[in-house]
Amino acid sequence: MTVAIGTNAALPAYLATQIGRADAPYVVTADLVAPLGMTSYFASHPERAIDVGIAEQAALAVSAGIAATTGGRVIVALFAPFFLRAFDQIRNLIDLDKRSIVLVATHAGVATGSNGHSHHGVEDIGLMRTLRHATLWSPGDPDEAVATIRGAVDGGGLHYVRLTRNTPDVDAPNPPPMGTGGDEPMFTVLAHGAMTGVARVVVSELDAGGVSAKFIGVNQVHPVPESVLALAYEHRSTLVVIEDHYANCGFAAGLAAELALAGKPRAIRSFGLTAPATSDDADVLWKLAGLVPAQIVQRLVSRE
Amino acid sequence: MSPTSTEALRRSLVHMLLRRGAGHLGASNSVLDIMAATLIDVGIAPGRLILSKGHAAPALYVVLAATGEVDELGDFRRAGSRLEGHPKAGDDPRVPTSTGALGNGLGFATGAALAMPDKRWVCICSDGEIQEGIASEALRVAGDRALRNLTVVVDCNGWQASGPITEDEQRLLEVRVAASGCEIFHVDGHDRAAVAAMLQERRRGTGVVLAKTDRRHGLPFLATAAEVYADRLTSTQRDAMHRFIGDGV
């Protein structure tokens, strides 16, 4: 398994559509103008583009001040793990005070590969899920990512949009297979972000092996969409979640918590990281984490 | 050529990054002579050197290899290797703390120097890194406690990810350090003897050495001082690096 371009490019693609607009959003970053592809936007809107230097806590506090005085249309763009450095500012200045800010978290998951654990964003969903007013997104492809950022900026409120540098380069069927088992497949496979293609392949391979399965791509990972909860309530197929995140605190954990709170607990087969990843190329790290389609299919079929 | 010579270390650095195709060449090169002065010339134990600018890990590994501390440069950034993209402590006594999130190493070094006043500690950070709030907070504590056993060396290569550090920002750095109560010194960061002498000087309190460096130093094939990432080398850069290490391209 090799790697393909991920969704990071959605940020500069969205910003390119905003250049010259009277309502162009404020964009705050911490020494990541060029690495995040924002050079053109920063040159075009110097009055609304703020690089605070290597100072993530300042980036979030500054954005809160801008949001409070302008009413919104504020983006903060950082690597996903670097947002964790400013969680206090997110919690107290942004979430508690209900500011309208879109946190665009690039380089999520282990796709930063050989940079190692300090640069892997593998616990961000777990932490951001604790915010009271945040909606968390993890789009599966660049087009969906652009639309997500646009919707978040235009819609107001606090959003965390999770993007990735790379995704596994898999030959994912499109549209995804719907399974051979009618309305009650044996497995319902949910995935978000970088693992979307992997989940499609898993369903396809299960399907080819005569095991009924259904794919559900999840963009909004928190709060868990009503449609996903309803499906989990109503169907008895085994729920499977695949994510490039710690398995015990990501979307799977959020889904399990929502179901438990509703008094309808369900077991979930969760595929994700169980320990900090090491330094290596992203495809190697996904394989070490058991996130290759063949590994997942084998474990599902053998009921490991 | 001695394996600990400046030239040999620089070739080893280029060779390692070229072979792996990953890592920060410019930031590692700018700090290489400071690292060599610290670990080789002065003989600071690796376990008492905190590389706060963790993205320069290749410089640390190359120097450790030259002193026989590691022998797996070929495994750099590979699963199972101790030589991670950014230093990771784990059970390795040669890496006192994991770094990669900028600024944190200064706080760790301050704590270590407080707790072990009979041991000498060195913390190497970058000039851009001083912009982090935690860096100023840690320096204030270090300055206030007058830690004679702690020297902070700032690799002033004049660049950060978004571009060159402005002269105003460089002045601010010095103002911040001065306000912390630490003693400030200046040195040419590529003059190993001068850096070594600075590290061995007796002090009244916590010393901060502002070491002027250049990411291109000794690497004539680098056209600019902007960072060169080994996973994004052009064929021209790759050929030039092969010629530099003398493997006949």
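Keep in mind it's a predicted model, so treat the numbers as computed, not measured. Chain letters run A, B, ... following the sequence lines, proteins first and then strands; every chain starts at 1.
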Quick check: do B:E132 and A:Q57 have side-chain heavy atoms less than 4.5 Å from each other?
no
Quick check on side-chain hydrogen bond (donor to acceptor under 3.5 Å, both in side chains): which of B:R78, B:H86, B:E84, B:R77 does A:S114 satisfy it with?
B:R77
Shortest non-hydrogen contact from B:N104 toward A:R85
OD1-NH2, 3.0 Å
If you look at every heavy atom in A:S279 and B:G85, which pair is closest and at what distance?
OG-N, 2.7 Å
Which atom names give the shortest non-hydrogen contact between B:E129 and A:I54, and what distance separates them?
N-CD1, 3.9 Å
Can you establish whether the number of heavy atoms outside B:R176 located under 6.0 Å from its atom CZ is more than 12?
yes
Looking only at non-hydrogen atoms, find the nearest pair between B:A161 and A:A34 and report the distance.
O-CB, 4.5 Å
Residue part contacting chain A, namely of B:I134, when any heavy atom lies under 4.5 Å
side chain
Looking at A:I19, I want to see if its CD1 is surrounded by more than 12 non-hydrogen atoms of other residues, nucleotides or ligands under 6.0 Å.
yes
Heavy-atom closest pair, residues A:D280 and B:A79:
OD2-N, 2.7 Å
Flag if over 12 foreign heavy atoms under 6.0 Å of CD, B:E167
no
Quick check on A:D51 against chain B: is it the side chain, the backbone, both or neither that has a heavy atom closer than 4.5 Å?
side chain
Does a sphere of radius 6.0 Å around CZ in B:R94 hold more than 12 heavy atoms from other residues, nucleotides or ligands, not counting ones at 6.0 Å or beyond?
yes
Side chain, backbone, both or neither: which part of B:H24 has an atom under 4.5 Å from a heavy atom of chain A?
side chain
